[in-house]
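Just so you know, these numbers use all the heavy atoms, side chains as well, and skip hydrogens, waters and symmetry mates. Please read these numbers as outputs of a predicted model, since none were measured by experiment. Numbers here are sequence positions counted from 1.
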Amino acid sequence: MQCNLILDVNSLLKVPMQPWDSWKGYKSLPIEKWTEDDYKVMDQLSLLSLNVDNNFDALFKYVQTNGKIKVPEDFSEVINCLELGDD
């Protein structure tokens, strides 16, 4: 289980997920496989989340336009990692 920032940001957008939920994107991509660009995305996401009270729209747009961050609209694409034995 990884990427608490992803879970926190989606919760700020009223899409709360459980720590064991995973989906295609950063929640299922091992951190060891992240590129420098992936880390830049996380840096930008963290800055936007820190400023959410002043600029909610910027955070919303950033998440909605990044499929690696956004929770899938079809919840059947969300995987319970506990059932897979993945931690």
Could you report the tightest heavy-atom contact between [X] and [Y], atom names first, then the distance?
X     : Y     : value
Leu12 : Ser49 : CD1-CB, 4.3 Å
Glu77 : Pro72 : OE1-CB, 3.6 Å
Leu29 : Asp38 : CD2-OD2, 4.2 Å
Lys70 : Asn10 : CA-OD1, 4.2 Å

Do [X] and [Y] touch side chain to side chain, with heavy atoms closer than 4.5 Å?
X     : Y     : value
Ile6  : Val71 : no
Val15 : Val63 : no
Val41 : Tyr26 : yes

Atom pair [atom1] ([X]) and [atom2] ([Y]), whose distance is rounded to the nearest 0.5 Å:
X     : Y     : atom1 : atom2 : answer
Gln44 : Leu59 : CD    : CG    : 10.0 Å
Ile69 : Gln64 : CD1   : CD    : 10.0 Å
Met17 : Asp8  : CE    : CG    : 13.0 Å
Lys68 : Met42 : NZ    : CE    : 8.5 Å

Please check if Leu47 and Phe56 belong to a single hydrophobic cluster, counting links between Ile, Leu, Val, Met, Phe, Trp and Tyr side chain heavy atoms closer than 4.5 Å. no

Does atom OH (Tyr62) have a neighbourhood of more than 12 heavy atoms from anything else shown, all under 6.0 Å? yes

Going by ring-ring contact (aromatic ring centres under 6.0 Å, His included), name the residues that satisfy it together with Tyr39, two or more places apart in sequence or in a different chain. Trp34

Scan residues 39-67 for pairs that pass salt bridge (Lys or Arg N to Asp or Glu O under 4.0 Å), counting only residues two or more places apart or in two chains. Glu36-Lys40

